Amino acid sequence: MIKNLINYFKSSLSARLSYLTVLFAMVLFLAALGFMFKQSGNTVREEAISHANQVLENTSQRVEAILNMVEIAAVNTEWDILRHVDSPDSMFVFSRAILEQNPDLNGCSIAFEPNYFPEYGRFFSAFSYNDGGNIETTQEGNELYQYFYMDWYAQAKLQDKAIWTEPFYDFNPNDIYSKEMITSYCRPLRNAKGEFIGILSTDLSLKWLSETVSQTKPYPNSYSLMIGRGGTLLVHPDSEKLLLETIFTPTMIAPDPDLSALGHAMLAGETGMRQLKMYGKDSYVFYSPLGETGWSMAIVCPEEDIFGGYNRLVFTVIVIVLIGLMLMLWLFRRFIADSLKPLGRLVKQAESIASGRFDEEMQDTGRMDEVGRLSNAFSDMQHSLVNYIDELTVTTANKERIEGELRIAREIQMSMVPRIFPAFPERDDIDLYAWMTPAKEVGGDLYDFFIQGDNLFFCIGDVSGKGVPASLFMAVTRNLFRVEAQRELPPQEIANKLNANLSRDNEQNMFVTMFIGQINLVTGKMDYCNCGHNPPLLDGEFMEMETNVPLGIWDDEEFVGESIDNIRGRKLLLYTDGLNEAENTVQDQFGDDRLAQEAKSFNDLKSKETIEKIVASVNAFRDGAEPNDDLTMVCLKLK
């Protein structure tokens with residue numbers, strides 16, 4: 001499936017253009033939308049934080065206003081109580097009056113020290129409570145409910161200041177509260193002498209307070225929390241957790257550093273916002289303390305509520321963009337495919353021409369755009385191609401004719417040098433072998449040898465340049481050598497004669513390096529003249545000799561000859577610079593040192609075997625590189 005899709009894209013230009021255009025547009029859209037969504041998300045988050053903080057502040061102010069109302073009611077009533085402290089019955093009136101004036105309160109107790117009113121016995125506490133709108137008044141102290149041991153009484157007395165108690169269930173034996181969860185504002189009472197005489201306690205229903213706190217929600221699923229001074233849950237959407245769990249309770253089941261940090265921050269009376277997981281949901285929690293109570297209130301806003309509308313907008317925009325991209329792709333495919341139809345016909349015509357049908361008629365598209373100009377250019381190219389093929393046919397025929405002539409020239413050139421070995425089958429005292437390989441069809445190297453009387457004449461040469469000119473100059477040089485050597489002249493005289501003839505009318509300034517030798521087959525003496533040629537190897541060692549200039553440069557040059565008294569039993573290797581200067585694929589040369597080492601290692605072999613071994617070494621050294629020069633060798637040993 002994937003392979004077919006890849007092949008389709010490779011073969012269809014319209015598909016590639018369409019998909020690449022839509023892909024580019026999609027990248028731009030995603031980049032723009034991504035930036036927009038990021039900025040919008042930050043804006044939504046900032047607005048959510050601002051809105052939730054405002055709601056938290058308003059709710060805190062409402063709660064503090066309720067608490068202040070309770071405190072003010074207690075302060076105002078305290079003055080009347082102390083004025084009529086000698087009238088116990090009036091305490092019931094004041095207790096009832098507080099509830100009548102503040103219907104949001106659940107109850108009020110004016111409790112005195114034990115035996116403060118002897119006529120009433122040990123207990124005296126004027127208590128009024130709101131029973132569904134009906135205010136009832138009673139004396140609440142007795143042996144079963146010794147109020148002066150209760151926290152609301154004892155803590156205010158011990159601290160000697162007005163306090164808010166931690167919420168609690170009031171288990172009055174008469175079931176007055178019916179296990180109502182309350183919190184009390186308790187103020188110590190002192191007589192004119194400053195002596196502690198009792199406690200004024202006003203009770204506030206925590207249920208009513210919780211409903212008041214929870215009335216305002218910044219978001220539909222947000223909820224409020226309120227904790228006491230020890231972290232106890234005072235307000236929570238799950239009423240079963242109230243007073244039974246703390247904000248840290250979930251961390252005892254599974255460690256939650258974020259929730260622990262939130263709880264400690266609220267207990268420390270801090271104000272702020274934290275982002276954490278509350279009861280399995282990612283949420284933003286806004287918190288602040290509640291006045292002097294030591295309590296702290298928080299509003300929990302689930303993240304899905306804050307970003308719900310934003311996420312729905314993002315989803316809608318993405319769907320619209322995807323639909324738009326698909327519509328764009330369809331339109332582009334149609335438009336591009338229609339625009340490229342002439343190009344498709346042009347491709348078929350081009351394939352037909354490529355198959356050899358050069359007479360294929362190119363249809364005129366009649367278009368002036370790039371496709372039309374391409375069609376016209378291709379038609380012109382077709383006509384040019386036909387003309388070029390005609391010219392190429394003629395050129396190829398001429399080239400084949402020239403190559404044929406060069407092959408014949410090569411055969412003629414090779415036939416000019418001795419090629420039959422052994423060279424002197426009637427003699428067993430001469431071991432001689434020669435090898436010549438032109439770098440091109442014809443070359444400028446030469447060698448020759450023959451016996452004249454008791455002397456063996458031989459030579460090896462290398463004409464400057466390559467190709468046909470060098471081969472012609474080589475042919476002339478070889479013929480002149482044979483003519484002069486047959487006169488049995490010494491090598492230096494042969495060199496003088498050759499130089500005089502080659503220098504004459506040499507308008508191309510060509511020259512030839514040459515080694516000319518003569519060996520007396522009776523005495524073994526070798527006379528020779530080196531005319532600018534590479535020094536031969538004698539028993540694997542380079543010969544030291546006079547080096548004359550090459551032949552054909554100056555017509556009045558006098559050449560100097562040398563001799564070796566007896567060469568019998570010694571192997572002489574003559575070569576052209578195509579051997580020691582042979583190059584491999586990285587243009588490294590075979591070199592003189594390698595040549596001497598190879599020649600010495602093969603010195604005990606026969607002449608033919610020696611040359612074949614050296615040729616094999618050179619070919620291995622080239623490692624596939626084309627020959628850079630003609631290669632010629634002559635190996636000679638007189639037994």
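Because the structure is predicted, anything quoted here is derived from the model rather than measured.
- Within the 3.5 Å criterion, the main-chain N or O of S288 finds no donor-acceptor partner in the side chain of E270.
- Taking the side chain as every heavy atom from C-beta outward, Y120 and N115 never approach each other to under 4.5 Å.
- Across all non-hydrogen atoms, the minimal contact from C108 to I98 is SG-CD1, 3.5 Å.
- Taking CG from L99 and OG1 from T202, the interatomic distance works out to 9.0 Å, rounded to the nearest 0.5 Å.
- Counting only N and O atoms by type, the side chains of N68 and E64 include no donor and acceptor under 3.5 Å apart.
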Let's go through F127 and E136 carefully: what are the C-alpha distance in whole Å and the side-chain angles of both, what is the deciding distance for side-chain contact (heavy atoms from CB on, under 4.5 Å) to 0.1 Å, and is it a yes or a no? CA-CA 8 Å; F127 175 65; E136 302 291 340; over 6 Å; no
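- With sequence neighbours left out, the side chain to side chain donor-acceptor pair (under 3.5 Å) criterion links N76 to no other residue.
- To the nearest 0.5 Å, atoms CE (M91) and OG (S128) are separated by 12.0 Å.
- Looking only at distances, no side-chain donor or acceptor of D588 sits under 3.5 Å from a matching main-chain atom of N584.
- Note: I299 CD1 to L225 CG = 10.0 Å, rounded to the nearest 0.5 Å.
- Looking only at distances, a side-chain donor or acceptor of Q139 sits under 3.5 Å from a matching main-chain atom of S125.
- Here the straight-line distance linking atom CD1 of I247 with atom NZ of K241 works out to 12.0 Å at 0.5 Å rounding.
- Taking the salt bridge (Lys or Arg N to Asp or Glu O under 4.0 Å) definition, one finds that R122 meets it with nothing, sequence neighbours left out.
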Checking E71 against R187 for the side-chain contact (heavy atoms from CB on, under 4.5 Å) test, could you report, in this order, the C-alpha distance in whole Å, the side-chain angles of both residues, the deciding distance, and whether it holds? CA-CA 9 Å; E71 294 175 4; R187 293 185 61 84; over 6 Å; no
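- Judged as a salt bridge (Lys or Arg N to Asp or Glu O under 4.0 Å), and not counting sequence neighbours, R622 has no contacts.
- Between I66 and L204, some side-chain heavy-atom pair lies under the 4.5 Å cut-off.
- Between the T77 side chain and the A74 main chain, no donor and acceptor come within less than 3.5 Å of each other.
- Nearest heavy-atom pair across A162 and P188 is N-CD, 3.8 Å.
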Start with the C-alpha gap between I199 and F112, add the side-chain angles, then the distance that decides, and say whether side-chain contact (heavy atoms from CB on, under 4.5 Å) holds. CA-CA 6 Å; I199 293 292; F112 289 88; over 6 Å; no
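- P167 has its side chain within reach of W295: a pair of non-hydrogen atoms, C-beta onward, lies under 4.5 Å apart.
- Atom-to-atom distance recorded for I163:CD1 and D151:CG is 8.5 Å, nearest 0.5 angstrom.
- At a cut-off of 3.5 Å, with distance as the only test, a side-chain donor of E113 or Y153 sits close to an acceptor on the other residue.
- Sequence neighbours left out, the pairs with a member in residues 96-105 that pass side chain to side chain donor-acceptor pair (under 3.5 Å) are R96-E100.
- Side chain to side chain, T232 and T246 fail the donor-acceptor criterion of an N or O pair below 3.5 Å.
- Atoms CD1 and CG, on I182 and D203 in that order, are 4.0 Å from each other to the nearest 0.5 Å.
- Across T251 and S260, no two heavy atoms sit closer than the pair CG2-OG, 3.5 Å.
- Taking 4.5 Å as the limit, every side-chain heavy atom of D258 sits out of range of all side-chain heavy atoms of L262.
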Quick one, E140 with Y129, criterion side-chain hydrogen bond (donor to acceptor under 3.5 Å, both in side chains). Give me CA distance, side-chain angles, the key distance, then yes/no. CA-CA 11 Å; E140 67 175 338; Y129 65 93; over 6 Å; no
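- Residues forming a salt bridge (Lys or Arg N to Asp or Glu O under 4.0 Å) with D80 (at least two apart in sequence, or on another chain): R83.
- Checking Y287 against R274 by side-chain atom types alone, a donor-acceptor pair falls below 3.5 Å.
- In this structure, S95 contributes its side chain and I110 its backbone to no donor-acceptor pair below 3.5 Å.
- Residues E583 and A625 come closest through the heavy atom pair O-CB, 3.8 Å.
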Working for salt bridge (charged side-chain N to carboxylate O under 4.0 Å, His left out), residues R190 and E195: CA-CA 5 Å; R190 293 183 178 276; E195 297 172 341; over 6 Å; no
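- No donor-acceptor pair closer than 3.5 Å links the side chain of Y147 to the backbone N or O of S109.
- Contact record, A298 with V285: CB-CG1, 4.0 Å, taken as the closest heavy-atom pair.
- Salt-bridge check for K281 with E304: passed, with a basic side-chain N closer than 4.0 Å to an acidic carboxylate O.
- Sequence neighbours left out, the pairs with a member in residues 54-97 that pass ring pair (Phe, Tyr, Trp, His ring centres under 6.0 Å) are H84-F94, F92-F124.
- Residues I135 and D131 are not in side-chain contact: their nearest non-hydrogen atoms beyond the backbone lie 4.5 Å or more apart.
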Would N53 and E57 satisfy side-chain hydrogen bond (donor to acceptor under 3.5 Å, both in side chains), going step by step from the backbone distance to the final call? CA-CA 6 Å; N53 280 327; E57 182 178 355; over 6 Å; no
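- Partner of F123 under the ring pair (Phe, Tyr, Trp, His ring centres under 6.0 Å) criterion, chosen from F148, Y116, Y145: F148.
- Using a distance-only test at 3.5 Å, with no hydrogens or angles considered, a donor-acceptor pair links the side chain of T165 to the main chain of S184.
- The minimum heavy-atom distance linking S201 with C186 is given by the pair OG-SG, 3.7 Å.
- The shortest side-chain heavy-atom distance between F286 and T271 does not fall under the 4.5 Å cut-off.
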What verdict does the side-chain contact (heavy atoms from CB on, under 4.5 Å) test give for T183 and W164, after you've listed the backbone C-alpha separation in whole Å, the side-chain angles of each residue and the deciding distance to 0.1 Å? CA-CA 7 Å; T183 181; W164 279 96; 3.8 Å; yes
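- Residues L234 and I227 are not in side-chain contact: their nearest non-hydrogen atoms beyond the backbone lie 4.5 Å or more apart.
- At distances below 3.5 Å, at least one donor-acceptor pair connects side-chain atoms of N191 with backbone N or O atoms of G194.
- Side-chain contact between L259 and P250: present, with at least one pair of heavy atoms (C-beta onward) separated by less than 4.5 Å.
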